[in-house]
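Here the structure is laid out as structure tokens; the discussion comes afterwards.
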Amino acid sequence: MADSDESGSIDWNSEDDREIEEACVVASSSRPRTPEFEPSRAMEIPASGSSAFRIKDQFRKMGFPEAMVVKAIEGNEGRSEEEILDTLLTYSAIGNDNEAERQSRNEMEHSKDNTLIYLSGDDRYPEEKPDQDEIVAVLVEMGYSEDEVLVALQRCGAETPIDELADFIGAAQMVKESDALAAVNEFTQWHNVSSTTTYSRQHKSCNHIEKKRKLLVPIPKNDGREEDMDVMHLPNPMIGYGVPGEPYAISYRTLPEAARGPPYFYYENVALAPKGVWAKISRFLYEVQPEFVDSAYFCAANRKRGYIHNLPISNRFALKPLPPRTIHEALPSTKKWWPSWDKRTKFNCLQTCIGSAKLTERIRKELEKSDMEPPSLVVQQRVLDECRRWNLVWVGKNKVAPLEPDEMEFLLGFPRDHTRGVSRTDRYKALGNTFQVDTVAYHLSVLKDVYPEGMNVLSLFSGIGGAEVALHKVGVPLKNVLSIEISEINRRILRSWWEQTDQKGTLVELDDVQRVTNDILDKWARNFGGFDLIIGGSPCNNLSGSNRVSRDGLEGAHSSLFFDYFRILDHVRSTGGIYQ
DNA sequence: ACGATTATGAGAGGAACG
DNA sequence: CGTTCCTCTCATAATCGT
């Protein structure tokens, strides 16, 4: 979401509340030099101040993530360095288990979480699980799997008679190798919400007892090979718990006890992160399994992302009007020049860089030189490769061009000219880093009825305000928003939108997430009356495949800010999110 | 100093093949 | 099954022009 490569800015002006502003000035920008770490010498750790920074840097040098260090220091106020180191090692073990710890953790997980999906749920939403339990139980008794039954219920409606549901399931089973059905199976397996081994293609078998037994048997997460432990399987098609227009959706899931809201949280990052990254993120975020969704199901561009959240997942609704889902519908003017041999209907992922003018010129030359209609297959292939790589569109005879910033805004679900007023380069950078609004709005839509009076939102890595725009479009009033975003340009864009849309609430903007301390959080929480939602996508710079230079994983210079997301989230949740 | 422009593959997953 | 081929990826850094 956010850029993280801007530093030196010490702008802590809230521009709204001068009293609070003072509380936001936490430290001077010049951090003290860090001496070499001497483990033999124990010393007292003050809760704050310059030497706390020194200690923090020492531990960071030892390879601990900053958020972890901060958390350890804050939890050990006034204690010795060794005690803090102990705490750090404990955290580290949780985040980066060895084999024994993995084993025991898995056992704990399974005894705790492996319940049938319909047996649990969010008690705050009783309307989400009407008397379906009985229906499910009956159908399961008839030999159908929970997945099938729940899919049928979702598809046919809760009032559907049981025999009709059975018919539907039977029909579904007849669908040969249906992609969507297979996906649901894969998805549920992968999500570990139900462990029905496979969808039985045959009709009701008599082994429902066996099925039922299996349902209670946890799927071992590894079968002996340790590499499998950290591998997070991506669903195909990538529809998460469901997307608009697709018939199959999952409405129930089991959240780990520690993850339940409120306050709610919503975390986002690239789906195709290096191996093990999502497993680690999930371990930190209370073992909630990611929901992987491709925004291609919401707009005309691919955008494969993982979302970890503790929101309810039933009764989601999509924003209206539905955005165009194909290139031709989204950009009708390109149709005139679009050659028939370019079969693209979707854009690839919108990124922060665009194709060069030199490239489009090379393509023009290549096509003119070819002088065939259509060009030779070799030329076609070369041109198409570049068009796909750079998301080029046809704007003239033999002429392609990269997307304009306003076209990207449109595809990503933002209001027209949302990013107007800043340099073209900055617009591309900000847009390449943001949420796809319709996708996120679909997930957040369940909050509309829960918070009719509006929400207090803690928005991390806000960028150009994808979360805020999504909530606004969903119809959730924004009461108070504490937005943290490093880029001054992006903060300006968000504030501009805030004013243009005539928001009634209060927007407070801070810059550096690393310097948002518990005190600051508490202060604003008290001022607002607690946070209802903590939302944000941490930097993907070191996770994205597009990065050829520093794809260093979650511990990378920018992506390690995830640990600040966790630190802040964990603090807000530990206080219950409620202040008086 | 700032904005614009440009060149720069690895790595992972899936499809297609045998 | 394994193997090969195919496709895609919220980017960085050097350089240029003003």
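Chain letters run A, B, ... following the sequence lines, proteins first and then strands; every chain starts at 1.
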Revision key, fill the gap. Hits for side chain to side chain contact (heavy atoms under 4.5 Å, CB included) against A/Ala330, two or more places apart or cross-chain, chain-then-number order -> A/Ala300, A/Pro324, A/Phe410, A/Leu411

Review point. Can you tell me if CZ on A/Arg420 sees more than 12 non-hydrogen neighbours from other groups inside 6.0 Å?
Key: no

Review point. Is any side-chain heavy atom of A/Ser483 less than 4.5 Å from a side-chain heavy atom of A/Arg491?
Key: no

Please output the side-chain donor-acceptor pairs of residues 352-364 of chain A that fall under 3.5 Å, not counting sequence neighbours, one pair per line with the distance.
unit_1: A/Ser356; atom_1: OG; unit_2: A/Leu359; atom_2: N; d: 3.1
unit_1: A/Thr360; atom_1: OG1; unit_2: A/Ala357; atom_2: O; d: 2.8

Study note, to complete from the structure: Between NZ of A/Lys304 and P of C/dT7 the distance, given in whole Å, is 14 Å

**Study point:** Nearest-Å distance for atom pair CG/P, residues A/Asn541 and C/dT9
**Key:** 17 Å

Review point. How far does the P atom of B/dT8 sit from the matching atom of C/dC10, given to the nearest Å?
Key: 22 Å

Revision key, fill the gap. The residue, A/Arg305 or A/Gln381, whose nearest nucleotide of DNA chain C is more 5′ is A/Gln381

Check your understanding: Residues in side chain to side chain contact (heavy atoms under 4.5 Å, CB included) with A/Thr425, at least two apart?
Key -> A/Ser423

Review point. Given atom CG of A/Asp385 and atom P of C/dC8, what is their separation to the nearest angstrom?
Key: 8 Å

Practice item. Please map the stems of DNA chain C, keeping only stretches of three or more Watson-Crick or G-U wobble pairs with both distances under 3.5 angstrom. Key: B:1-8 with C:11-18, B:10-18 with C:1-9

Review point. Is the A/Tyr565-A/Phe265 ring centre distance short of 6.0 angstrom?
Key: no

Exercise for review: Give me the ring orientation class for A/Phe284 and A/Phe566: parallel if the planes are under 30° apart, tilted from 30 to 60°, perpendicular past 60°.
Suggested key: perpendicular

Review point. Should A/Asn302 be listed as having a side-chain N or O under 4.0 Å from OP1 or OP2 of C/dC8?
Key: no

Review point. Would the A/Trp497 and A/Phe414 ring centres measure less than 6.0 Å apart?
Key: no

What nitrogen or oxygen pairs link the protein and nucleotides 4-6 of chain B at under 3.5 Å?
unit_1: B/dA4; atom_1: OP2; unit_2: A/Ser423; atom_2: OG; d: 3.4
unit_1: B/dA4; atom_1: OP2; unit_2: A/Arg424; atom_2: N; d: 3.4
unit_1: B/dA4; atom_1: OP2; unit_2: A/Thr425; atom_2: N; d: 2.9
unit_1: B/dA4; atom_1: OP2; unit_2: A/Thr425; atom_2: OG1; d: 2.6
unit_1: B/dT6; atom_1: OP2; unit_2: A/Ala357; atom_2: N; d: 2.8

Exercise for review: Return the value, rounded to whole Å, for the distance between atom CG of A/Asp552 and atom P of C/dT12.
Suggested key: 11 Å

Check your understanding: Nearest heavy-atom pair of A/Leu569 and A/Tyr286: which atoms, and what distance?
Key -> CD2-CE1, 3.8 Å

Exercise for review: Please name all residues satisfying side chain to side chain contact (heavy atoms under 4.5 Å, CB included) with A/Ala441, sequence neighbours left out, ordered by chain then number.
Suggested key: A/Leu319, A/Ala470, A/Val474

Review point. By a strict heavy-atom criterion of less than 4.0 Å, which residues belonging to residues 404-421 of chain A are in contact with DNA chain C?
Key: none

Point to revise | salt bridge (charged side-chain N to carboxylate O under 4.0 Å, His left out), paired with A/Glu268, selected from A/Lys304, A/Arg303, A/Arg305 | key: A/Arg305

Point to revise | Residue pairs fulfilling salt bridge (Lys or Arg N to Asp or Glu O under 4.0 Å) with at least one residue in residues 386-401 of chain A, sequence neighbours excluded | key: A/Asp385-A/Arg388

**Study point:** Nearest-angstrom distance from the residue atom CZ of A/Arg303 to P of C/dC8
**Key:** 16 Å

Review point. Can you list the residues that meet the side-chain hydrogen bond (donor to acceptor under 3.5 Å, both in side chains) rule with A/Trp394, with sequence neighbours excluded?
Key: A/Asp342

Please enumerate all protein N or O atoms sitting under 3.5 Å from an N or O of nucleotides 8-15 of chain B, with distances to 0.1 Å.
unit_1: B/dT8; atom_1: N1; unit_2: A/Arg548; atom_2: NH1; d: 3.2
unit_1: B/dG9; atom_1: N7; unit_2: A/Arg548; atom_2: NH2; d: 3.2
unit_1: B/dG9; atom_1: N1; unit_2: A/Gly545; atom_2: O; d: 3.1
unit_1: B/dG9; atom_1: N2; unit_2: A/Gly545; atom_2: O; d: 2.8
unit_1: B/dA15; atom_1: OP1; unit_2: A/Asn236; atom_2: ND2; d: 3.1

Check your understanding: Do A/Leu460 and A/Leu458 have side-chain heavy atoms sitting under 4.5 Å apart?
Key -> yes

Review point. Would A/Gln351 and A/Ser546 count as a side-chain hydrogen bond (donor to acceptor under 3.5 Å, both in side chains) if you check the C-alpha gap in whole Å, the side-chain angles of each, and the deciding distance to 0.1 Å?
Key: CA-CA 9 Å; A/Gln351 301 187 165; A/Ser546 298; 3.0 Å; yes

**Study point:** Non-neighbouring partners of A/Thr345 that pass side chain to side chain contact (heavy atoms under 4.5 Å, CB included), sequence neighbours left out
**Key:** none

**Study point:** Whole-Å gap separating C1' (C/dT9) and CG (A/Leu350)
**Key:** 12 Å

Review point. What's the CZ-C1' distance between A/Arg344 and C/dC8, to the nearest Å?
Key: 13 Å

Would you tabulate the pairs of protein nitrogen or oxygen atoms and nucleotide nitrogen or oxygen atoms of nucleotides 14-17 of chain C closer than 3.5 angstrom?
none

Practice item. Select base, sugar-phosphate, or nothing to describe what A/Asn542 touches, counting heavy atoms under 4.0 Å on all strands. Key: nothing

